[in-house]
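Remember, it's 1-based here, ligands and their atoms both numbered in the order they're listed.
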Amino acid sequence: MKKITKICCIGAGYVGGPTMSVIAKQCPEIKVTVVDINKNRIDQWNTANLDELPIYEPGLKEIVGERRGKNLFFSTEVDKAIDEAEMIFISVNTPTKIYGKGKGQAADLKFIELCARNIAKVAKDDKIVVEKSTLPVRTAQTIQNILDNTGNSVKFDILSNPEFLAEGTAIDDLLNADRVLIGGNDTPSGQAAKDALSAVYEHWLPKERILQTNVWSSELSKLVANAFLAQRVSSINTISALCEKTDANIQEISRAIGFDSRIGPKFLNASVGFGGSCFQKDILNLVYIARSYGLNEVADYWEQVIIANDYQKSRFADNIISSLYNTISGKKIIIYGWAFKKDTNDTRESAAIAVADALLEEQAEIIVYDPKVSEERIYADLDYLNTRSPEENRRLLKVAKNPMEATQNAHAIAILTEWDEFKNYDWKTIYNQMLKPAFVFDGRRLLDNDTMESIGFNYYKIGQS
Ligand code: UDX
Ligand code: UDX
């Protein structure tokens, strides 16, 4: 079996950056080079001040500080890194297509194809190519075809090695992975490639947790894992709507059903809706694949998970509007939290974007505070929707640096990300500063009912009447 000494990863994003940092930490004898076509991003990875890394992830800056310049490198010299490495990870983004066939559902593979063509052009000796990006089933075949037909008769082995890390806990998820999945061909060279990648992970994970499968199972498993997780959130969120109409309490229900060992306690937190770069995209992908094989019932079943999620977001916004006497025009509403979950600065598909957009449609004046998300990002997210002009977005929505100050004369506060710091705010002072009646809409079930009500708030908590 070939021993890996040099790894290259194309794509220095939320997946590539943390994953490669952990490999570099756990495999000090392997040289790991992360490359990206975005020079700005690479400069940020190389910044002297570790607080300015492009991605915020607990535990990440310590690892980058320890390994950078030793066996971990960030560079824009893509060709050089490909040429040197025996193993190349592809970790570029695969957004949902916004044009042409499969628009709005299928994954856009143009970056993957560009990477494959580039590898084929540069490679002078045999390479193992690892797909890390989440991809539709059978993408490995596409990569293989491109490599075999455009390369310099070099031998390529393609592996699928999907990422299961969740943002905010990425480093811990990588260090203590439940399992690592490696899909590859059953040929002798395919087996050798799988074993070579397995040996990398065996530096820190027990062999039993490293599962080898065929390529298709590996690719599809990633989509299915995310679909099942998202389905749990949508399931509990639909029940939260029912709880609000009855005297049932969603937390008590989650606890009661979670004690059933067949169901289990995780991923049963009702929320304003799931976000993140993966859940929606992967389900749309699954739906697209199922439909393309004529499996309409299968497609409809999974599509419902997304429909329920959209419903949860709009239901939350509608409730704010109706509670504020059906008119929020000119009313000051504070949004606490823009990230799609706590402990990340990532906002992709965040429920906050949809809720803010709905409130802006009603001409509310919005002030957003998030401890880690930049003002630039917030406006970019809104502008991307194209609901109104960028000028209008900037006129109606402001971004606050100070969470307390923002609440002066506010009508309502909506909590959309479960940042821990929100729990420790001086809610009494906030109440005193707000207009009365003062409303708090808690989309993350973060605060305590009795405390909030005794202060005087009109407090709404998702999943409770
Ligand atoms: C991405 C995918 O979205 C996800 O499906 C997959 O599982 C892993 O890769 P993420 O790392 O979160 O996730 O994406 P992003 O943060 O956008 O990073 C991708 C990086 O690839 C960007 O920095 C981009 O500049 C870079 N890139 C893209 C290249 O270096 N070359 C390209 O041709 C295209
Ligand atoms: C997910 C998968 O968990 C991970 O394995 C995969 O590699 C990428 O996609 P991520 O999107 O980073 O990870 O975060 P996750 O913790 O799964 O949360 C996704 C969304 O669901 C967040 O918006 C979160 O707030 C929401 N969620 C999660 C709930 O609303 N309730 C829950 O009980 C759990």
Side-chain angles (χ1 to χ4, degrees), residues 9-20 34-42 44-45 54-55 57 74-76 78 81 89-96 107-118 131-136 161-170 173-174 177-179 181 219 221-223 225-237 240 250 254 258 265-283 285 309 312-313 337 339-352 416-418 443-445 462-463:
C9 172
I10 309 177
Y14 283 90
V15 171
T19 309
M20 292 303 127
V34 191
V35 293
D36 202 295
I37 48 172
N38 180 339
K39 178 170 184 305
N40 191 20
R41 203 160 216 192
I42 291 297
Q44 285 177 300
W45 279 109
I55 285 163
E57 234 353 293
F74 296 92
S75 161
T76 49
V78 180
F89 286 80
I90 302 183
S91 189
V92 297
N93 41 329
T94 49
T96 304
D108 191 338
L109 297 182
K110 73 175 172 217
F111 298 135
I112 298 284
E113 189 174 331
L114 279 174
C115 285
R117 287 187 190 281
N118 202 24
E131 8 166 275
K132 197 76 186 148
S133 305
T134 307
L135 298 164
N161 174 221
E163 190 48 74
F164 293 106
L165 64 82
E167 288 173 30
T169 53
D173 293 344
L174 285 161
D178 286 345
R179 71 351 197 145
L181 197 53
E219 289 179 333
S221 295
K222 170 66 191 257
L223 299 188
N226 277 341
F228 268 63
L229 291 169
Q231 180 205 43
R232 276 176 78 96
V233 178
S234 271
S235 297
I236 205 72
N237 280 346
S240 76
I250 197 65
S254 295
K266 293 182 184 163
F267 260 72
L268 291 177
N269 291 322
S271 69
V272 57
F274 62 74
S277 71
C278 282
F279 280 3
Q280 169 151 324
K281 184 185 73 176
D282 290 354
I283 295 176
N285 228 312
N309 195 48
Q312 188 75 347
K313 291 182 271 187
F340 81 98
K341 61 187 275 196
K342 74 170 179 179
D343 292 342
T344 177
N345 60 348
D346 193 352
T347 64
R348 287 176 287 182
E349 305 295 341
S350 179
L416 300 184
T417 311
E418 73 281 25
R444 294 290 185 165
R445 301 187 51 83
I462 207 143

Tell me which protein heavy atom sits closest to atom 20 (C) of ligand 1, plus the residue, atom name and distance to 0.1 Å.
D36 OD2, 3.5 Å
For K281, which part has a heavy atom under 4.0 Å from ligand 1: side chain, backbone, both, or neither?
side chain
Calculate, to the nearest 0.5 Å, the distance between atoms CG and CD1 belonging to N226 and I283 respectively.
8.0 Å
For atom 7 (O) of ligand 2, closest protein heavy-atom neighbour
L165 O, 2.8 Å
Heavy-atom nearest neighbour in the protein, as seen from atom 11 (O) of ligand 2, with distance rounded to 0.1 Å
F340 CE1, 3.5 Å
Straight-line distance of L416 CG to K313 NZ, nearest 0.5 Å:
11.5 Å
When every non-hydrogen atom of T344 is compared with those of A339, the smallest separation belongs to O-CB, 3.4 Å
Backbone, side chain, both or neither: what part of L268 comes under 4.0 angstrom of ligand 2, heavy atoms only?
backbone
Heavy atom under 4.0 Å from ligand 2: found in A166's side chain, backbone, both, or neither?
both
For atom 12 (O) of ligand 2, what's the nearest protein heavy atom and its distance?
E167 N, 2.7 Å
Please state whether the rings of W45 and F74 are parallel, tilted or perpendicular, taking 30° and 60° as the class boundaries.
parallel
Quick one: which of F267, F279, Y14 has a heavy atom closest to atom 34 (C) of ligand 2?
F267
Residue, atom name and distance, where the atom is the protein heavy atom closest to atom 28 (C) of ligand 1:
N93 OD1, 3.4 Å
What do we get for K222 next to ligand 2 when only non-hydrogen atoms under 4.0 Å count, side chain, backbone, both or neither?
side chain
For atom 14 (O) of ligand 1, which protein heavy atom lies nearest, and how many Å away is it?
R348 NH1, 3.5 Å
Reported CG-to-CZ distance for the pair L229 and F274, which is rounded to 0.5 angstrom:
10.5 Å
Need the ligand 1 atom indices (1-based, order shown) with element for anything under 4.0 Å from a heavy-atom of T94.
2 (C), 3 (O), 5 (O)
Counting C-beta onward and ignoring hydrogens, is there a side-chain heavy-atom pair between T19 and L165 closer than 4.5 Å?
yes
OG1 on T134 to CZ on F164, rounded to 0.5 Å
8.5 Å
Does F164, backbone or side chain, put an N or O under 3.5 Å from an N or O of ligand 2?
yes
Compute the minimum heavy-atom distance from K342 to ligand 2 and say whether it is under 4.0 Å.
no
Could you go through E418 and K342, starting from their C-alpha distance and side-chain angles, then the distance that decides it, and tell me whether this counts as salt bridge (charged side-chain N to carboxylate O under 4.0 Å, His left out)?
CA-CA 5 Å; E418 73 281 25; K342 74 170 179 179; over 6 Å; no
What residue and heavy atom of the protein are closest to atom 29 (C) of ligand 1, and at what distance?
I37 CG1, 3.4 Å
Just distances here: any N/O of E163 and N/O of ligand 2 closer than 3.5 Å?
yes
Whether the side chain of R445 engages the backbone of S271 through a donor-acceptor N/O pair (distance < 3.5 Å, no angle test) should be reported.
no
Where on R444 is there a heavy atom closer than 4.0 Å to ligand 2, on the side chain, on the backbone, on both, or on neither?
side chain
Hey, is K266 one of the residues with a heavy atom under 4.0 angstrom from ligand 2?
no
For atom 33 (O) of ligand 2, which candidate among V15, D343, N269 provides the closest heavy atom?
N269
Of all the atoms in ligand 1, which lie at a distance below 4.0 Å from a heavy atom belonging to N38?
25 (O)
What atoms of ligand 2 come within less than 4.0 Å of a heavy atom belonging to S271?
29 (C), 30 (O)
Option nearest atom 18 (O) of ligand 1 (shortest heavy-atom distance, choices C115, G13, P54):
G13
Check this for me - ligand 2, K341, N or O atoms closer than 3.5 angstrom, yes or no?
yes
At the 4.0 Å heavy-atom cut-off, does R41 count as touching ligand 1?
yes
If you round to the nearest 0.5 Å, how far is CD of E57 from OH of Y14?
8.5 Å
Could you tell me whether some N/O pair between C278 and ligand 2 is separated by less than 3.5 angstrom?
no
Scanning both residues in full, the closest heavy-atom pair of K39 with T76 reads CA-CG2, 3.7 Å
Numbered atoms and elements of ligand 2 in range of L229, under 4.0 angstrom, heavy atoms
3 (O)
If only atom types and distance count, is the side chain of S350 paired as donor or acceptor with the main-chain N or O of T347 below 3.5 Å?
no
Would you call E167 and R348 a salt bridge, using N to O less than 4.0 angstrom?
yes
What are the two closest heavy atoms between P18 and G13, and how far apart are they?
CD-O, 3.5 Å
Nearest protein heavy-atom contact for atom 27 (N) of ligand 2: which residue, which atom, what distance?
V233 CG2, 3.9 Å
Enter the distance from L268:CG to S235:OG here, rounded to the nearest 0.5 Å.
9.0 Å
Looking at side-chain heavy atoms only, is the closest gap between F89 and M20 below 4.5 Å?
yes
Please identify which atoms of ligand 1 are closer than 4.0 Å to at least one heavy atom of K132.
7 (O)
Protein heavy-atom partner closest to atom 21 (O) of ligand 1 - residue, atom, separation in Å:
G11 CA, 3.4 Å
Looking only at atom types and distance, does a side-chain atom of S133 sit under 3.5 Å from a main-chain N or O of N93, one as donor and one as acceptor?
no
Judged on heavy-atom distance to atom 9 (O) of ligand 1, which of N226, D346, V92 sits nearest?
V92
I need the minimum non-hydrogen distance between A225 and R179, along with the two atoms involved.
CB-NH2, 4.0 Å
For ligand 1, which atoms, with element, lie under 4.0 Å from some heavy atom of S91?
9 (O), 19 (C)
